[in-house]
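Treat the numbers as computed from the prediction; the structure is a model and nothing was measured. All residue numbers refer to positions in the sequence shown, counting from 1.
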Amino acid sequence: MKKTDSVILNSISGKDKVISFVWQHLWLLISLFIMTFGVALSVRSALGSSVISTIPFVMSLAGTDGMVPALTIGEYTYIMNFLLVGGQMLVLRRRFEPVQLFQLLIGFFFGFLLDVNMALTEALDCTSLPARTLAQLAGCTVLAFGIAIEVRCGSVTMPGEGFPVALSRVTSMPFAKAKIIVDISLVCIAIILGFVFFGRWLWQVVGPGTLFAMVYVGVAVKFISARIWWFDRLLSYHPGFRRYLYGLARFRPRH
């Protein structure tokens with residue numbers, strides 16, 4: 001093989017990697033949109049939001065009443081994700097890998113898309129118990145589907161999973177146990193904040209739907225993950241760009 005041919009192939013390989021990275025993270029953004037749509041449905045059910053949104057939900061309600069800065073649930077979600085990444089840095093210290101700071105960007109998009117989906121679901125009428133139950137079930141199922149796709153994308157994890165991973169590494173605790181401890185802690189903090197700001201348990205924030213989500217979402221993710229083999233093929237697909245690169249390379253002048 002000529003030296004020029006080798007340079008062309010190396011150039012194509014590098015571009016191919018960039019295209020694969022972009023394609024992978026495009027699907028990551030799609031998975032975040034799906035996840036946040038599920039979270040928004042759970043919030044609209046008024047039976048209790050998903051674990052990751054309990055604290056931001058309380059804070060946004062307190063902000064509406066002027067007790068704290070009037071930020072959206074998505075904006076408070078980003079602040080919480082920032083704190084979770086900071087917690088990882090404190091727990092891991094020198095073992096914290098700088099690439100994990102990418103979680104901040106993922107957390108930002110998660111918060112932004114949550115606000116988008118809260119706006120999209122604003123007209124959802126969940127006044128009756130059957131409607132609320134259906135919204136909660138649909139929200140948890142959609143959330144599970146989004147998580148299953150997000151995990152398949154193989155990028156940096158969400159801060160809500162990153163902190164339990166860090167805790168597991170430091171304490172040698174199984175990840176599943178660390179995840180349960182972190183989730184319960186977030187819910188307990190949300191309950192305490194409800195009493196601090198409103199003097200009562202906010203059932204629309206932490207309710208039966210929250211407990212249902214804690215059990216159901218994990219089971220649903222496992223069930224869905226075993227049945228989306230087709231997504232692996234979609235993720236490995238290069239949407240047209242690669243054949244154009246190879247086609248252009250053939251017409252490159254050779255010396």
Side-chain angles (χ1 to χ4, degrees), residues 30-64 72-78 80-81 110-151 158-161 164 176 179-195 197-198 200-228:
I30 293 173
S31 72
L32 292 179
F33 181 85
I34 295 171
M35 290 168 63
T36 53
F37 183 68
V39 172
L41 288 175
S42 295
V43 171
R44 297 300 183 192
S45 75
L47 290 177
S49 63
S50 58
V51 173
I52 195 65
S53 60
T54 51
I55 294 177
F57 194 5
V58 174
M59 296 302 294
S60 67
L61 292 175
T64 301
T72 65
I73 187 172
E75 290 168 338
Y76 273 116
T77 297
Y78 177 67
M80 188 183 74
N81 284 333
F110 187 90
F112 171 75
L113 291 172
L114 179 54
D115 280 340
V116 169
N117 279 305
M118 287 297 293
L120 291 176
T121 58
E122 188 173 4
L124 192 64
D125 183 20
C126 292
T127 53
S128 66
L129 182 59
R132 290 180 177 180
T133 303
L134 184 60
Q136 184 64 243
L137 178 60
C140 290
T141 303
V142 171
L143 174 60
F145 181 70
I147 292 174
I149 291 179
E150 183 235 348
V151 171
M158 286 283 296
E161 279 71 50
K179 175 66 174 171
I180 291 172
I181 291 175
V182 171
D183 285 352
I184 291 176
S185 299
L186 293 178
V187 170
C188 289
I189 292 172
I191 293 172
I192 293 171
L193 289 174
F195 279 101
F197 292 120
F198 301 97
R200 58 188 175 87
W201 187 306
L202 300 178
W203 290 100
Q204 74 272 33
V205 177
V206 180
T210 307
L211 180 60
F212 172 75
M214 292 176 70
V215 177
Y216 175 80
V217 172
V219 175
V221 168
K222 185 176 181 180
F223 178 84
I224 294 170
S225 295
R227 288 162 177 80
I228 56 171

For residues [X] and [Y], determine if any side-chain heavy atom of one lies less than 4.5 Å from a side-chain heavy atom of the other.
X    : Y    : result
F112 : T36  : no
Y216 : L137 : yes
V43  : S53  : yes
R132 : L134 : no
S42  : C140 : yes
T72  : M118 : no
M35  : L113 : no
F145 : I228 : yes

Walk me through whether I147 and M158 qualify under side chain to side chain contact (heavy atoms under 4.5 Å, CB included).
CA-CA 10 Å; I147 292 174; M158 286 283 296; over 6 Å; no
Within a radius of less than 6.0 Å around CZ of F195, do more than 12 heavy atoms belonging to other residues, nucleotides or ligands occur?
yes
So, does [X] use its side chain to make a donor-acceptor pair with the main chain of [Y] at under 3.5 Å?
X    : Y    : answer
W201 : G207 : no
N117 : A40  : no
T210 : V205 : yes
R44  : D125 : no

Residues L124, L41; criterion side chain to side chain contact (heavy atoms under 4.5 Å, CB included); working and verdict:
CA-CA 9 Å; L124 192 64; L41 288 175; 3.7 Å; yes
What's the spacing between L61 CG and F197 CZ if we round to 0.5 Å?
10.5 Å
Atom pair CG/OH of N81 and Y76 - distance to nearest 0.5 Å
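Between atom CG of N81 and atom OH of Y76 there are 14.5 Å.
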Specify the closest pair of heavy atoms between [X] and [Y], including all atoms of both residues, with the distance to one decimal.
X    : Y    : result
I52  : G160 : CD1-CA, 4.2 Å
S50  : L143 : CB-CD2, 4.1 Å
I73  : S60  : N-CB, 3.8 Å
A144 : A220 : CB-CB, 3.5 Å

Report the C-alpha distance between I30 and I149 in whole Å, list the side-chain angles of each, state the deciding distance to 0.1 Å, and finish with yes or no for side chain to side chain contact (heavy atoms under 4.5 Å, CB included).
CA-CA 9 Å; I30 293 173; I149 291 179; over 6 Å; no
Distance-only check: which donor-acceptor pairs under 3.5 Å involve side-chain atoms of residues 182-194, not counting sequence neighbours?
| residue | atom | partner | partner atom | Å |
| --- | --- | --- | --- | --- |
| D183 | OD1 | K179 | NZ | 3.4 |
| S185 | OG | I181 | O | 2.7 |

Pairwise ring-ring contact (aromatic ring centres under 6.0 Å, His included) hits with a residue in residues 32-64, at least two apart
none
Would you please say whether a donor-acceptor pair under 3.5 Å links the side chains of Q136 and S45?
yes
With side chain to side chain contact (heavy atoms under 4.5 Å, CB included) as the criterion, how do L47 and F212 come out once you've worked through the C-alpha distance, each side chain's angles and the decisive distance to 0.1 Å?
CA-CA 10 Å; L47 290 177; F212 172 75; over 6 Å; no
